[in-house]
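Structure record follows, encoded as structure tokens.
Numbers restart at 1 for each chain; the letters A, B, ... are given by sequence-line order, proteins then strands.
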Number of protein chains: 2
Amino acid sequence: MTQRKSKADRRIELIDAARRAMIQHGAEGVHLNQIAEEAGLTSGAVLYHYPDLRDLLIEAHHAGMERFYEQRMKKITGIADPAQKLIVTIRSGLPQGPDDAGVRLLCELGGAAGRNRVYGTLLTTLYDRQVAMYQTILEVGAAHNAFTLAQDSETIGRNLVALEDAYGYRIVARHHSIGADEAVELILGYARLATGHALKLTAAPHRTTAARRPATPRAQSA
Amino acid sequence: MTQRKSKADRRIELIDAARRAMIQHGAEGVHLNQIAEEAGLTSGAVLYHYPDLRDLLIEAHHAGMERFYEQRMKKITGIADPAQKLIVTIRSGLPQGPDDAGVRLLCELGGAAGRNRVYGTLLTTLYDRQVAMYQTILEVGAAHNAFTLAQDSETIGRNLVALEDAYGYRIVARHHSIGADEAVELILGYARLATGHALKLTAAPHRTTAARRPATPRAQSA
DNA sequence: TGGGTATTTGAATCACGATTCAACAAACAT
DNA sequence: ATGTTTGTTGAATCGTGATTCAAATACCCA
């Protein structure tokens, strides 16, 4: 038998398993057995911890968002220069590639958010938090005279997050000429106009091209 | 018995029924019976025309995109002034409200595009077409000295479509303070910087607020 | 008008995932 | 050690939607 775990530990594992399963099979198309398998358990055990599967899915989405947001924050804390901070923040909001787990999960949610209020709220909340994050960077930069904002920080923040989101979708959909690097450059194009700062890239980009490996062949569903 | 239709006619009806059903139940969560009911037929009849349901779904998505694109084109053809044309184009890319059918369907597709190559290609193609549409408007405007482009037209076009897409998601997810009007203003904020044109709104906006009716209560799925 | 054909129905069947639950076993307490 | 608690299994059952197909019927045409 699989090693027993405390209720709390197992629930955390299940949340993560659900997250992985949803990325593979879709936020709504995912099956109980797929989550169980991902967790190395049987379906009965999953039900023991989450009698209503929807609760698990919501928690998994919530956890995915927290993780996404925390990872971004971790990457930018400690950067003093506002311009560098802005550049790194933009990059951190984009997927590494078409298979980036964090962004994939968020994209899954987009469609469901139109039908399900809980998901809509979840996604909206994340959006607002990211806007606030950008606003802080922008205003600090303006206060330090690094940036000369051409619009109010809310407008710029909203547009920056919007651009990130949209290019995330493009990258996940494997656009042939827009990869993470290209998206960064496109978003920076706007950021330069909005901040009046040259926002020069210094560090080497994480990836160099949009072209990608042929990817692991995997059964398609719908 | 339901009135008989020619194969071609019935297929067109089914494509539209599938489109409606997907908007209600999700691009992937939709069931054969729901499509049949929407078409006023039984499941057997649907299978008679589309032995593989996936073919129908793909055609429905394709049709939805064509319709979306054609509607946009119809709205802007005949507008001579580049600035007005740009403004109307931006508005036409946004949903009327959270229940806008065309955009809802596109949003449904976003998540699936990460898992399904066909859907990814479909969505990518639409994106590129829209970018090209904007590029034309921008370049004509620049040729007429109406616009002074701050970036190359491809960058501006890509960013404009990206912004539209992203605000479409926000509106569909019922963001409390971003409705179609607010989204237009946000996107115009960027467009003004990029074109050097004031892009003043003349016609009354279609809707006046982001606040919406409480909406028809409907059973939630996932 | 009547025969032929294409479309649709509806019931039967199949397939698969969710749900239940008694039995079992790992950890824990004493 | 032994008993108790708690997490897990696995088989049985249930429910739902997909699939099949013979029968019924609407439409077409000679």
**Prompt:** Among the nucleotides C/dT20, C/dT7, D/dT9, which one has an atom lying closest to any side-chain atom of B/Tyr48?
**Reply:** C/dT7

**Item:** Among C/dT8, D/dT8, C/dA18, the nucleotide that comes nearest once only the side chain of B/Leu41 is considered
**Value:** C/dT8

On the nucleotide [N], are OP1 or OP2 found under 4.0 Å from the side-chain N or O atoms that [X] carries?
X: B/Asn33; N: D/dT16; result: no
X: A/Thr2; N: D/dT9; result: yes
X: B/Lys7; N: C/dT7; result: yes
X: A/His31; N: C/dC16; result: no
X: B/Arg10; N: C/dT8; result: yes

Just how far, in rounded Å, is [atom2] of [N] from [atom1] of [X]?
X: A/Glu37; N: D/dT9; atom1: CD; atom2: C1'; answer: 16 Å
X: B/Asp52; N: D/dA18; atom1: CG; atom2: C1'; answer: 12 Å
X: B/Leu14; N: C/dT8; atom1: CG; atom2: C1'; answer: 12 Å
X: A/Gln3; N: D/dT9; atom1: CD; atom2: P; answer: 12 Å
X: B/Leu32; N: C/dT8; atom1: CG; atom2: C1'; answer: 14 Å
X: A/Asp9; N: D/dT6; atom1: CG; atom2: P; answer: 16 Å
X: B/Ile35; N: C/dT8; atom1: CD1; atom2: C1'; answer: 17 Å
X: B/Leu47; N: C/dC14; atom1: CG; atom2: C1'; answer: 13 Å

Between [Y] and [X], is the closest basic N to carboxylate O distance under 4.0 Å?
X: A/Arg20; Y: A/Asp16; value: yes
X: B/Glu70; Y: B/Arg67; value: no
X: B/Arg129; Y: B/Glu66; value: yes

**Request:** Could you check whether A/Leu53 gets within reach of a base, just the sugar-phosphate, or nothing at all, counting any heavy atom under 4.0 Å?
**Result:** nothing

**Asked** Quick one: the side chain of B/Arg4 and the base of C/dA6, do they pair up donor-acceptor inside 3.5 Å?
**Response** yes

**Message:** Which is more 5' along DNA chain D, the nucleotide nearest B/Lys5 or the one nearest A/His49? Just name the residue.
**Reply:** A/His49

**Request:** Give me the one residue out of A/Arg91, A/Arg158, A/Arg170, A/Arg72 that meets salt bridge (Lys or Arg N to Asp or Glu O under 4.0 Å) with A/Glu164.
**Result:** A/Arg72

**Prompt:** Using the ring of each side chain (for Trp, its six-membered ring), is A/Tyr190 parallel, tilted or perpendicular to B/Tyr190, with breaks at 30° and 60°?
**Reply:** perpendicular

